[in-house]
Amino acid sequence: MNIDKLFAASPEFETERLYLRRLTMDDLDEYYAFASDPKVSEQSLWQCHQSKDDSIGYLERVLRNYEQKTVYLWAFVLKETGTLIGRGGIFHLDEFMQSGELGYAIGSAYWGKGLAAEAMQPIVDYCFEQLGCNRLEGKCNAGNIGSARVMEKLGMVQEGVLRKQLKIKGVFTDQKMYARIRDDL
């Protein structure tokens with residue numbers, strides 16, 4: 001697995017309806033609009049952004065992660081309007097095990113339209129074809145049918161349930177574990 005290639009190349013992708021590119025500080029206003037929607041963070045560990053300062057802090061962490069080569073996130077930009085509608089990428093990169101974990105979030109106004117899977121598909125393809133990944137994982141709350149469906153559309157298979165794995169908004173929550181391996185291609 002070639003993690004250095006990912007961070008050196010800063011790959012960009014184009015799908016039928018989206019552009020995918022690196023997040024930057026220039027995304028502040030649109031990122032805040034997306035991250036301040038309480039529906040978007042409802043089933044996640046992160047809290048709804050209450051102010052632009054929350055989004056500034058988040059984007060600063062994203063930029064540090066690029067420098068430290070630990071997490072790579074793409075902005076999901078709707079071609080039709082040029083609006084940032086979400087983000088997604090790969091984290092928990094393990095060069096020795098040739099693996100990583102996928103994560104994504106998309107504005108609630110865009111749910112149910114297939115955009116999250118459309119955005120993540122070129123990322124999955126890149127991870128297997130260009131980075132040399134052997135395994136990609138993803139998790140979602142057991143009740144998050146939309147996120148589970150995204151992973152299934154990406155060819156991921158549910159491997160099990162991690163019982164009460166995360167404490168989200170004060171409640172211990174089961175997580176569905178999905179994965180796709182090179183042999184599945």
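The analysis underlying the following values was restricted to heavy atoms, covering all of them including side chains, and did not include hydrogens, waters or symmetry mates.
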Given the rule that I, L, V, M, F, W and Y join up when any side-chain heavy atoms are under 4.5 Å apart, are Met156 and Val150 in one cluster? yes
Check whether the side chains of Asn141 and Gln175 place a donor and an acceptor atom closer than 3.5 Å, and report yes or no. yes
Pairwise distance CD(Glu30) to OG(Ser55) - rounded to 0.5 angstrom: 12.0 Å
Heavy-atom neighbours of Met25 CE exceed 12 at 6.0 Å: yes
Between Leu73 and Phe91, is any pair of side-chain heavy atoms under 4.5 Å apart? no
Distance alone, cut at 3.5 Å: any donor-acceptor contact between the side chains of Asp94 and Ser99? no
Holding to salt bridge (Lys or Arg N to Asp or Glu O under 4.0 Å), I want the full list of residues that pass it with Glu14, two or more places apart in sequence or in another chain. Lys79
Examine Leu63 and Phe76 and state if one hydrophobic cluster contains both, with Ile, Leu, Val, Met, Phe, Trp and Tyr joined whenever side-chain heavy atoms are less than 4.5 Å apart. yes
Sequence neighbours excluded, which residues qualify as side-chain contact (heavy atoms from CB on, under 4.5 Å) partners of Glu118? Thr15, Glu16, Arg17, Leu18, Leu115
Any donor-acceptor N or O pair under 3.5 Å, side chains His49, Ser36: no
Which pair of non-hydrogen atoms, one from Gly103 and one from Met120, has the smallest distance, and what is that distance? O-CE, 3.9 Å
What's the spacing between Lys139 NZ and Gln158 CD if we round to 0.5 Å? 13.5 Å
Could you grab the distance from atom CD1 of Ile181 to atom CD of Gln98, nearest 0.5 Å is fine? 12.5 Å
Determine, step by step, whether Asp54 and Ile56 satisfy the side-chain contact (heavy atoms from CB on, under 4.5 Å) criterion, reporting the C-alpha distance in whole Å, the side-chain angles of both residues, the deciding distance to 0.1 Å, and the verdict. CA-CA 5 Å; Asp54 293 338; Ile56 289 169; over 6 Å; no
Smallest heavy-atom separation, Tyr72 atom then Leu6 atom, equals CB-CD2, 3.6 Å
Can you list every pair that meets ring-ring contact (aromatic ring centres under 6.0 Å, His included) and has a residue in residues 152-176, with sequence neighbours left out? none
Regarding Arg87 and Tyr58, do their side chains bring together a donor and an acceptor under 3.5 Å, going by distance alone? yes
Trace of the side-chain contact (heavy atoms from CB on, under 4.5 Å) decision for Thr173 with Lys164: CA-CA 4 Å; Thr173 307; Lys164 307 293 182 201; over 6 Å; no
Audit row: Leu28, Leu59, side-chain contact (heavy atoms from CB on, under 4.5 Å) steps and yes/no: CA-CA 8 Å; Leu28 176 61; Leu59 290 171; 4.3 Å; yes
With sequence neighbours excluded, what pairs up with Arg149 under the salt bridge (Lys or Arg N to Asp or Glu O under 4.0 Å) test? Glu152
Return the set of residues passing side-chain hydrogen bond (donor to acceptor under 3.5 Å, both in side chains) with Glu137 (not counting sequence neighbours), or none when no residue passes. Arg135
Distance-only polar pair, side chains of Ser147 and Tyr104, donor-acceptor under 3.5 Å: yes
Inspect the surroundings of CD in Gln68 and state if more than 12 heavy atoms from other residues, nucleotides or ligands are less than 6.0 Å away. yes
Does some side-chain heavy atom of Asp184 sit less than 4.5 Å from a side-chain heavy atom of Phe128? no
SG-CG distance between Cys140 and Asp174, expressed to the nearest 0.5 angstrom: 11.0 Å
Worked check of side-chain contact (heavy atoms from CB on, under 4.5 Å) between Arg180 and Val157: CA-CA 6 Å; Arg180 181 169 168 183; Val157 176; over 6 Å; no
Between Leu84 and Trp111, is there shared hydrophobic-cluster membership here, with clusters defined by ILVMFWY side-chain heavy atoms closer than 4.5 Å? yes
Less than 4.0 angstrom from a charged side-chain N to a carboxylate O is my criterion; do Asp27 and Arg21 meet it? yes
Look up atom CD1 in Ile90 and atom SG in Cys133, then write down how far apart they are to the nearest 0.5 Å. 4.5 Å
d(Leu131 CG, Leu93 CG) to nearest 0.5 Å is 8.0 Å
Taking all non-hydrogen atoms of both residues into account, name the closest pair between Gly114 and Lys153 and its distance. CA-NZ, 3.9 Å
Let me check something: do Tyr31 and Tyr110 share a hydrophobic cluster, defined by ILVMFWY side-chain heavy atoms less than 4.5 Å apart, either directly or through other members? yes
Hydrophobic cluster membership, with links at side-chain heavy-atom distances under 4.5 Å among I/L/V/M/F/W/Y: are Met177 and Leu166 in one? no
Would you indicate whether the side-chain heavy atoms of Leu136 and Tyr178 approach each other to under 4.5 Å? no
Are the side chains of Val124 and Leu102 in touch, meaning some heavy atoms are under 4.5 Å apart? yes
Is a side-chain donor or acceptor of Thr83 paired with a backbone partner of Ile85 at a separation under 3.5 angstrom? no
Between Asn65 and Thr70: side-chain donor-acceptor atoms closer than 3.5 Å: yes
With sequence neighbours excluded, what pairs up with Phe13 under the side-chain contact (heavy atoms from CB on, under 4.5 Å) test? Pro11, Leu20, Trp74, Pro122, Ile123, Tyr126
